[in-house]
Every structure is written in C-alpha cells, then in structure tokens.
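Keep in mind that the numbers below use all heavy atoms, side chains included, and drop hydrogens, waters and symmetry copies.
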Amino acid sequence: MIQLRSILLLLTCSLLIACSRSETSAAGLPDTGNWVLINYWATWCGPCRDEIPELNKLDAEHSDIDVYGANYDRLQGPALDEAITELDIQFESMLADPAQLLGQERPKVLPTTYILSPQGELHSVLTGPQTEASLLKALGRQ
C-alpha cells in the first residue's frame, strides 16, 4: 500500500511539472528510476540565489538525478518565467506546490529541498542552502 501511495505521489508530482523531460513514460513518470530533488526557491531568498548554480550543475552532470524547482511564492505564467530567467534556473519547474502531495507542510525556511528515492519514497528533507557535494552526500554518494 505504501509503495502504491509512493507511485501515485510521484505520478502526481510529475504531472505538475511545467516542462516534461524527454525520458518520461507515457504517464509522465521518469522511467529511469532516478533520484528526484524538489527544491523550493524564491527570488527574494539570497541563499536560494547562491544555491541555484549548484542545482543546475547537479542536474546537468548527473543523469540519474532529476532536479525540479518549486517557486515558494506560487508564481505562474510570465511572472514565473521571468523569475526563472532572472535566477538562471536550468532545471525543470513545477507549476503547483508539491508539499501536500509529499505529505509535508510548506517549508518555513528557504531554501528547502525534498529528496525522493528512485522508488518514489521521501528520503530526506534538507533545509538551508546546499552544495553539489552536500546533496550527493545526502544521496549516500560521498
């Protein structure tokens, strides 16, 4: 039952993604069994701005890790596009707030990153700015 809930959670999160990745199944799920990082950010958050290049690098250099952004201020449309451009966010962005789908409260600290295992289970929640090294360590790689 927990496995089914996790699969449904990941499916729902995937359907909320603004742009689909090329390696998704017909249902919108990544079919590579990747780790998923969902990072909450805001333009007014200085540590978020510092962390974005680390997330861009992680997403670009690790094909088994998918990074998604969730704008804390719930921006939509052109306002979201402008914020993504301003911060040079190069990973995918979610259109809806994923906290409830993850069974979590909205973050009270930014940046906050949720890490989902390749099985779609919540692995950990990280608060504060992260580096590529700290994220890889949270995944058990260093």
Discussion item. Less than 4.5 Å apart, side chain to side chain, heavy atoms only: is that true for Cys45 and Pro111?
Written reply: yes
Discussion item. Determine whether the aromatic ring centres of residues Trp35 and His123 are separated by less than 6.0 angstrom.
Written reply: yes
Worksheet entry | Student check: side-chain heavy atoms of Ile115 and Val36 closer than 4.5 Å | no
Worksheet entry | Approximate separation, where rounding is to 0.5 Å, of Glu92 CD and Ile84 CD1 | 9.5 Å
Worksheet, complete the sentence: Of all heavy-atom pairs linking Leu122 and Gln104, the shortest is CD2-NE2, 3.1 Å
Practice prompt. Following the transitive rule for hydrophobic clusters with a side-chain heavy-atom cut-off under 4.5 Å over Ile, Leu, Val, Met, Phe, Trp and Tyr, establish whether Trp44 and Val109 coincide in one cluster.
Written response: no
Discussion item. Quick check: do Ile89 and Trp41 have side-chain heavy atoms less than 4.5 Å from each other?
Written reply: yes
Worksheet entry | Atom of Ile65, atom of Asp59 and distance for their closest heavy-atom approach | O-OD1, 3.7 Å
Worksheet item: Strictly by modelled atom types, are Asp64 and Asn34 linked by a side-chain donor-acceptor pair under 3.5 Å?
Response: no
Worksheet entry | Side-chain touch Tyr68/Leu37, heavy atoms, less than 4.5 angstrom | no
Worksheet item: Hey, are the side chains of Glu132 and His62 touching, using non-hydrogen atoms and a 4.5 Å cut-off?
Response: yes
Item to complete: Would you name the heavy atoms of Pro98 and Tyr40 that are closest together and state the gap between them?
Response: CD-OH, 3.3 Å
Worksheet entry | Heavy-atom closest pair, residues Ala42 and Asn71 | CA-ND2, 4.2 Å
Discussion item. Side chains of Gln90 and Asp88: any donor to acceptor distance under 3.5 Å?
Written reply: yes
Practice prompt. With the side chain counted from C-beta on, respond yes when Leu135 and Val67 share a heavy-atom pair under 4.5 Å apart, and no when they do not.
Written response: no
Check residues 74-83 and write down every donor-acceptor pair under 3.5 Å in which the side-chain atom is one partner and the other belongs to a residue at least two apart or another chain.
from: Arg74; atom 1: NH2; to: Asp97; atom 2: OD2; distance (Å): 3.4
from: Gln76; atom 1: NE2; to: Leu95; atom 2: O; distance (Å): 2.6

Worksheet item: What pairs with Glu86 under side chain to side chain donor-acceptor pair (under 3.5 Å), at least two apart in sequence or on another chain?
Response: Arg49
Worksheet item: Has the side chain of Tyr72 got a donor or acceptor atom that lies under 3.5 Å from a matching backbone atom of Lys108?
Response: no
Practice prompt. Indicate whether any N or O donor in one side chain lies under 3.5 Å from an N or O acceptor in the other, for Asn39 and Glu51.
Written response: yes
Worksheet item: Do the non-hydrogen side-chain atoms of Phe91 and Ile52 ever get within less than 4.5 Å of each other?
Response: yes
Item to complete: May I ask you to test the Thr113-Ile38 pair for a side-chain heavy-atom distance under 4.5 Å?
Response: no
